[in-house]
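Okay, so here's the structure we're looking at.
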Amino acid sequence: EACKLFEKMQAEDCEPDVVTYTALLDGLCKGNRLTEARQVLESMEDRNCVPNVITYSSLIDGLCKTGRVYEAQDIFKSMVVRGCEPNVVTYNSLIHGLCLANSVDSAILLMEEMMATGCVPDLITYNTLIDGLCEAGRAPEANRLLKEMKGCEADVITYSSLIKGFCKMEKLEMARTVFEEMLRKGLLPDVVIYSTLVDGYCSAGVVDEAERILEEMVANECAPDVFTYTSLVDGFCKVGRMVEARKVLKRMSRRGCEPNVVTYTALIDAYCKAGKPTVAYTLMEEMIGNGVKPNVVTYRSLISGFCGTGDVEEARRLLSRMDGEDCKPD
RNA sequence: CGAUUGGAAUAG
């Protein structure tokens, strides 16, 4: 729709300006149409419309998020050559891209480089690096970076990354300590903070404590959402407590939070792994009855479940039924 | 008028 309007405006002799080009380029990036986004940049150059720092930053962000950091780095260099100074957003986008490409150390170097050019890191810079370190299993370093942050205060995003990072390392007591530090600083935990904790405890198999945390959030008037409940459902499934997992499924509906395909698939997968693909199949039918469509993950679990019990025929039938939206065999 | 950061399920 945006592309059509854009063509229309050109047809009507209304020259697009930088803002218009940039808005289109950003939209193309967000729709994963990076080739077309790059073409927008070229056509700006052809039409003597000078791209600015926002144009370049949008493209760098788009390239980074689609796993094309090297191209992003090239754009970064070329903007400098063309006399366009990167700002904090440009750096943040590229730092994020490096983190996504498992190059946190390069990301840290880039922050140092940005400081050397006089560009001051902001909370987003720090949050991005802290999250990158945590994702790389380096939560203690991330915690040190938090303490070294200059000119800004940690927010719930900072803490959620750290909590997840410590949970991932199975350092639940550290995750808890970080959570308490956050409270002491006067920050209100939001649904993401609680969900991260619930999921962390579930992943470590400490499901009863996870359930306690979920009820604590309800008591604190922070409503759990489908992510929170799904973590708990999956937690019970992974330790083989299927009856309790189904109770949580019921409880979430009762509280007005409808399970989605991820919630159901957690249960379906557990039944399949427990050698009960027919129970899983029945649950899928119940799910469909509730208006939730299976996706490729749901089918993958069921197909391998039936294969596991030697029922290759049923597995084939399922494979042939995969023709939905998010449901193409891969 | 346009750009950047945190949470859930899956086989080999």
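Protein chains get the first letters and strands the later ones, always in sequence-line order, with residue 1 at the start of each. The figures that follow rest on heavy atoms only: side chains count, while hydrogens, waters and symmetry mates do not.
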message = Regarding B/G7, can its base be found pairing with the side chain of A/Thr196 as donor and acceptor, where the two atoms are less than 3.5 Å apart?
response = no

query = Could A/Glu209 and A/Arg212 be called an ion pair, given the rule that one side-chain N must be under 4.0 Å from one carboxylate O?
reply = yes

Nearest listed nucleotide, side chain of A/Lys30, among B/A8, B/U4, B/G6 = B/U4

query = Separation of A/Asp330 atom CG from B/A11 atom P, in whole Å?
reply = 12 Å

query = Any side-chain N or O of A/Lys65 less than 4.0 Å from the OP1 or OP2 oxygen of B/U5?
reply = yes

Of the listed nucleotides B/G2, B/U4, B/U5, the one nearest the side chain of A/Asn127 = B/U5

query = Touch check for A/Val296, heavy atoms < 4.0 angstrom, all strands: base, sugar-phosphate only, or nothing?
reply = nothing

inquiry  = According to side chain to side chain donor-acceptor pair (under 3.5 Å), who are the partners of A/Tyr281, at least two apart in sequence or on a separate chain?
reply    = A/Arg321

inquiry  = If I take atom CE in residue A/Met182 and atom C1' in nucleotide B/G6, what distance separates them, rounded to the nearest angstrom?
reply    = 12 Å

query = Under the side chain to side chain contact (heavy atoms under 4.5 Å, CB included) criterion, do A/Glu153 and A/Lys185 qualify, and how do the steps go?
reply = CA-CA 10 Å; A/Glu153 289 295 317; A/Lys185 292 220 170 176; 4.1 Å; yes

request  = Return the nearest nucleotide to the side chain of A/Asp225; candidates are B/A9, B/U5, B/G7.
outcome  = B/G7

ask   = Between A/Lys65 and A/His96, does a side chain to side chain contact (heavy atoms under 4.5 Å, CB included) hold up when you go through it step by step?
value = CA-CA 9 Å; A/Lys65 287 186 172 140; A/His96 189 212; 4.2 Å; yes

message = Classify A/Thr90 by what it touches in the nucleic acid, base, sugar-phosphate, or nothing, heavy-atom distance under 4.0 Å.
response = nothing

query = Given B/G6, is OP1 or OP2 found less than 4.0 Å from the side-chain N or O atoms of A/Lys168?
reply = no

message = Using a 4.0 Å cut-off on heavy atoms, which residues in residues 250-270 of chain A reach RNA chain B? List them by number, or say none.
response = A/Asn260, A/Val262, A/Thr265, A/Ala266, A/Asp269

message = It should be established whether A/Lys273 places a side-chain nitrogen or oxygen under 4.0 Å from OP1 or OP2 of nucleotide B/A11.
response = yes

key: All side chain to side chain donor-acceptor pair (under 3.5 Å) counterparts of A/Thr265, not counting sequence neighbours   = A/Thr298

ask   = Which part of the nucleic acid, if any, lies within contact of A/Asp190, taking any heavy atom under 4.0 Å across all strands shown: a base, the sugar-phosphate backbone alone, or nothing?
value = base

query = Over how many whole Å does the gap from A/Leu133 atom CG to B/U5 atom C1' extend?
reply = 13 Å

query = Which ones in residues 35-58 of chain A lie close to RNA chain B, meaning a heavy atom under 4.0 Å from one of its atoms?
reply = A/Asn52, A/Ile54, A/Thr55, A/Ser57, A/Ser58

Distance, rounded to the nearest Å, where A/Leu232 contributes CG and B/A9 contributes P = 13 Å

query = Can you check the A/Asp155 CG to B/G6 P distance for me, whole Å?
reply = 11 Å

query = For A/Cys167, what residues pass the side chain to side chain contact (heavy atoms under 4.5 Å, CB included) criterion, not counting sequence neighbours?
reply = A/Ile163, A/Leu172, A/Ala175

request  = List the steps and the verdict of side chain to side chain contact (heavy atoms under 4.5 Å, CB included) for A/Thr263 and A/Met252.
outcome  = CA-CA 11 Å; A/Thr263 323; A/Met252 66 189 282; 3.9 Å; yes

message = Between the base of B/G7 and the side chain of A/Ser195, is one N or O donor paired with an acceptor at under 3.5 angstrom?
response = yes

key: A/Leu249 CG - B/A9 C1' separation (whole Å)   = 13 Å

request  = Check if the side chain of A/Asn295 and the base of B/A9 share a donor-acceptor pair of N or O atoms closer than 3.5 Å.
outcome  = yes

request  = Measure from the side-chain heavy atoms of A/Thr230 and tell me the nearest of B/A8, B/A11, B/G6.
outcome  = B/A8

query = Are A/Lys4 and A/Glu7 close enough for a salt bridge, meaning some N to O gap below 4.0 Å?
reply = no

task = Examine B/G7: is either OP1 or OP2 under 4.0 Å from a nitrogen or oxygen in the side chain of A/Lys164? Give yes or no.
result = yes

Under 3.5 Å, side-chain donor or acceptor atoms of residues 270-277 of chain A against the rest of the protein: list the pairs with distances, not counting sequence neighbours.
unit_1, atom_1, unit_2, atom_2, d
A/Tyr271, OH, A/Arg246, NH1, 3.1
A/Lys273, NZ, A/Asp269, OD1, 3.1
A/Lys273, NZ, A/Asp269, OD2, 2.6

query = Within the structure shown, what part of the strands sits under 4.0 Å from A/Ile193 by heavy-atom distance: base, sugar-phosphate, or nothing?
reply = base

request  = In whole angstrom, give the distance that lies between atom CG of A/Asp326 and atom C1' of B/A9.
outcome  = 14 Å

task = Tell me whether the centres of the aromatic rings in A/Phe76 and A/Tyr56 are closer together than 6.0 Å.
result = no

query = After noting the C-alpha distance and the side-chain angles of A/Thr125 and A/Val120, does the key distance pass the side chain to side chain contact (heavy atoms under 4.5 Å, CB included) rule?
reply = CA-CA 9 Å; A/Thr125 318; A/Val120 182; over 6 Å; no

A/Leu59 CG - B/U4 P separation (whole Å) = 13 Å

ask   = Of the candidate nucleotides B/G7, B/G6, B/A3, which contains the atom at the shortest distance from the side chain of A/Val191?
value = B/G7

